[in-house]
Amino acid sequence: MSTEKTIIEKHQGQSLITEQVTGNTKKMYIESFGCQMNMNDSEIVAAILTKEGYNTTQIMEEADLVLVNTCSIREKAEQTVRKRLEKYNAIKRINPGMKVGVLGCMAERLKAKFLEEEKIVDLVVGPDAYRDLPNLLKEISEGRDAVNVILSTEETYGDVSPVRLNSNGVSAFVSITRGCDNMCTFCVVPFTRGRERSRDPESILKEIQDLHERNFKEVTLLGQNVDSYLWYGGGLKKNFKNASDIAKATAVGFAQLLDIVALKYPTMRFRFSTSNPQDLNLDVLHTMAKHKNICKHIHLPIQSGNTDMLKRMNRAHTREEYLTLIDNVHAIIPDCAISQDIIVGFCGETEEEHKDTLSLMEYVKYDFGFMFAYSERPGTLAAKKMPDDVPNDIKKRRLNEIIQLQLKHSAYRTKAFIGQTVEVLIEGTSKKSDAHWKGRNSQNCVIVFPKDNEKLGDTVHVLIEDCTSATLIGVKKQ
Ligand code: 5AD
Ligand code: SF4
């Protein structure tokens, strides 16, 4: 009978906790690109393969199996993965027995084509097919290529207890929904991750309970669109209409889920990502305001500040509706940080439309954001029907303009903390100095301060004395 043990190893000055099972002899190396959901999926994959006799390794040269969890959101993300495959090729010359598997969105998008295009690849597995990995590994051990990219309307991996990879032992991700039904015209996610489905709250609570027992202090609830979380017994949300009266009466929505976890685990704090403006309702805002241990930060992508453009993007709200939502956030949760995703240069974007994005940013003054030039993705409605007609140099210039404006707003937001005392969860040693801790406050802002006698996972109060546009610098209040 094998026993589980936890190894703490130093990696670039940070203590990482990796779970290993004694008795497991095979080694897997897992690398993840893209969103937090992918990071969490890799932990699910690690759990499935741990049962098959694998332990994780940080050294690719000694791995029996190298897995790369991929992202298709922009062309550049796919190019990064292709580059990594070249690196695997070089390592395979030293370690010829090593097998290579591609997981995630690129696997789903390219399917068996991957095996033709990239000779190094032995295994292609889409995001809903990870349970099939043991069978697929058997196929490749018998010399056959293996592909499973079947999408599901039910799979949530609810009963799989993720093996935490590269964990700081303090914060963890817990997936609550999978897939997306929104069909934004620019986005490949509905094609690579399939239909939206919610996970059974009981299995969510079980996973959080386990993290709590292992002394984790922060959980981020994950989904492409967490606000549309709805559990009524499983399956697609659209079937809710036909659900039994009992199922309807006992259904759990996102605000309720937040309420349940915040009440049940008062010593842990909760974050969530990503919100969708059309689904983020007042109940969620009131629930956030009610609980101190729900972090005051909402990631609320806008993509564009112009209503016509939002329509072309198939976003289900207008500029005005979004701004009303922002006003509601500030009214209900006055200290709430808000962050954005914005795309510049989407099909037909005029200078006026771009200026509307800048003026919306000026109104909101986001705490931080993720900004991108539009990248056409094969198979999306935009790729099929709308010309990618904004020249690259204009995309670049517009992107630069919104990045500069965001930097200004981020600096404005961080400056406002100077002189304040904030509560910080210690998450690790500062990257720049071994003598400093780093952590985040409720608003998701990074704080750095000198170490004294605290330890990882402690919550401390820090007086903020200085800042950059991304970091607060302070001293601990005794
Ligand atoms: N091009 C550029 N950015 C994109 N995003 C999604 N699809 C594309 C694309 N085709 C951005 C959106 C989304 C974030 C995760 O990635 O801003 O919110
Ligand atoms: Fe893509 Fe839109 Fe779904 Fe986000 S909400 S994953 S941008 S389709």
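Whatever order the structure lists them in is the order used to number ligands and atoms, beginning at 1. Hydrogens, waters and symmetry mates are skipped; everything else that's a heavy atom, side chains included, is used.
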In terms of heavy-atom contacts, does NZ of K111 have more than 12 from other residues, nucleotides or ligands at under 6.0 Å? yes
In terms of side-chain geometry, is the basic nitrogen of [X] or [Y] positioned less than 4.0 Å from the acidic oxygen of its partner?
| X | Y | answer |
| --- | --- | --- |
| D200 | K206 | no |
| E155 | R197 | no |
| R164 | E207 | yes |
| E117 | R82 | yes |

Distance to the ring centre below 6.0 angstrom and angle to the axis at most 45 degrees; does that hold for R84 and F33? no
N/O separation below 3.5 Å, F186 to ligand 1: yes
Logged contact type for P190 with ligand 2, heavy-atom cut-off 4.0 Å, is side chain
Where on N276 is there a heavy atom closer than 4.0 Å to ligand 2, on the side chain, on the backbone, on both, or on neither? side chain
Residue pair E196 / S228, side-chain donor-acceptor N/O under 3.5 Å: yes
Should you measure from each heavy atom of [X], which atoms of ligand 2 turn up under 4.0 Å away?
| X | value |
| --- | --- |
| N182 | 5 (S) |
| C180 | 3 (Fe), 5 (S), 6 (S), 8 (S) |
| F186 | 7 (S) |
| Q224 | 6 (S) |

Among the heavy atoms of R193, does any lie under 4.0 Å from an atom of ligand 2? no
Candidates G345, S304, C71, S375; heavy atom nearest atom 9 (C) of ligand 1 found on S375
If you measure from atom 14 (C) of ligand 1 to every heavy atom of V189, T274, D341, which option wins on shortest distance? D341
What's the shortest distance from [atom] to any protein heavy atom, and which residue and atom give it?
| atom | answer |
| --- | --- |
| atom 1 (Fe) of ligand 2 | C187 SG, 2.2 Å |
| atom 12 (C) of ligand 1 | Q303 OE1, 3.4 Å |
| atom 3 (N) of ligand 1 | R74 NH1, 3.2 Å |

Check each heavy atom of I343 against ligand 1 and say whether those closer than 4.0 Å belong to the side chain, the backbone, both or neither. side chain
Counting only non-hydrogen atoms of the protein, does one fall under 4.0 Å from atom 7 (S) of ligand 2? yes
Between N314 (side chain) and T185 (backbone), is there a donor-acceptor pair under 3.5 Å? no
Using only atom types and a distance under 3.5 Å, with no angle test, would you say the side chain of D389 pairs donor to acceptor with the backbone of G348? yes
Would you call the rings of F270 and Y265 parallel, tilted or perpendicular, taking 30° and 60° as the class edges? tilted
Should the ring pair Y157 and Y130 be called parallel, tilted or perpendicular, given that the plane angle runs from 0 to 90° and is split at 30 and 60? parallel
Between atom 1 (Fe) of ligand 2 and C184, is there an N, O or S atom separated by less than 2.8 Å? no
For A373, is the nearest heavy atom under 4.0 Å from an atom of ligand 1? yes
